[in-house]
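Worksheet: one structure, shown below.
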Amino acid sequence: TVAPAIALELGGGNHPSAMDRDAEYINFSSLQLQVSRLHDEMRALKDTVITKGILTEDFFLSHLHRIRFQRVCQQHPRNYRLDEREPKLWSILEAGLSKTVLG
């Protein structure tokens with residue numbers, strides 16, 4: 001048998017091999033390229049719908065905020081409910097937050 005220290009030097013043990021690291025790097029690079037392309041496409045779509053007057057930038061940003069807000073609420077469910085007499089309170093708070101955060 002090979003001593004543990006020598007096995008590590010020879011590529012044994014729990015460490016990924018150079019080939020595994022190269023594959024992970026290639027996968028990471030591919031993901032970075034995909035994210036970059038998606039970012040470019042999203043920016044082109046946003047610019048187009050705003051420039052053509054289909055959406056205002058405020059509407060786009062508030063809708064984007066609403067999507068992100070819903071995701072966070074799903075990830076971190078709250079254990080309370082708003083009073084049914086004030087059903088629009090979340091919309092008002094959300095609009096105020098988006099205006100404060102996004103300018």
Side-chain angles (χ1 to χ4, degrees):
T1 64
V2 179
I6 296 171
L8 288 175
E9 289 177 18
L10 296 174
N14 294 329
H15 299 287
S17 69
M19 190 190 263
D20 290 339
R21 285 191 302 271
D22 289 344
E24 287 176 11
Y25 178 75
I26 290 169
N27 287 337
F28 184 71
S29 294
S30 175
L31 287 174
Q32 283 182 314
L33 181 60
Q34 289 175 358
V35 167
S36 179
R37 287 180 179 167
L38 287 171
H39 182 265
D40 293 344
E41 289 176 13
M42 186 276 310
R43 187 169 182 184
L45 285 170
K46 176 187 169 199
D47 290 348
T48 301
V49 297
I50 291 172
T51 302
K52 294 281 186 182
I54 298 168
L55 299 175
T56 64
E57 188 165 9
D58 284 343
F59 181 84
F60 178 85
L61 292 174
S62 67
H63 190 71
L64 179 61
H65 175 75
R66 185 175 298 115
I67 291 168
R68 291 174 175 164
F69 184 79
Q70 287 172 347
R71 183 180 338 121
V72 170
C73 287
Q74 288 172 351
Q75 292 170 346
H76 306 282
R78 58 186 188 269
N79 294 327
Y80 55 89
R81 298 257 182 230
L82 283 177
D83 189 337
E84 293 299 322
R85 293 172 289 173
E86 298 177 335
K88 302 219 179 231
L89 183 56
W90 278 112
S91 304
I92 294 167
L93 290 172
E94 189 177 356
L97 285 174
S98 78
K99 201 67 170 165
T100 301
V101 172
L102 300 173

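As the structure is a prediction and not an experimental result, all values here were calculated from the model.
Among residues two or more places apart in sequence or in another chain, the side-chain contact (heavy atoms from CB on, under 4.5 Å) test is passed with Leu31 by Gln34. Residues that satisfy the side-chain contact (heavy atoms from CB on, under 4.5 Å) test with Glu41, not counting sequence neighbours, are Leu38. Evaluation of the side-chain contact (heavy atoms from CB on, under 4.5 Å) rule for Leu45 yields no partner, not counting sequence neighbours.
To the nearest 0.5 angstrom, Arg71 atom CZ is 14.5 Å from Arg66 atom CZ. The line from SG of Cys73 to CZ of Arg68 is 14.5 Å long, rounded to the nearest 0.5 Å. Note that NZ of Lys46 and CG of Leu61 are 5.5 Å apart. Values are rounded to the nearest 0.5 Å. For the atom pair CG of Asp47 and CZ of Phe60, the computed distance is 9.0 Å after rounding to the nearest 0.5 Å.
Across Leu55, Ile54, Val49, a single residue satisfies side-chain contact (heavy atoms from CB on, under 4.5 Å) together with Lys52, and that is Ile54.
Remark: side-chain polar atoms of Thr51 are not paired, donor with acceptor, to backbone N or O of Thr48 under 3.5 angstrom. Between the side chain of Ser36 and the backbone N or O of Gln32, no donor-acceptor pair lies under 3.5 Å.
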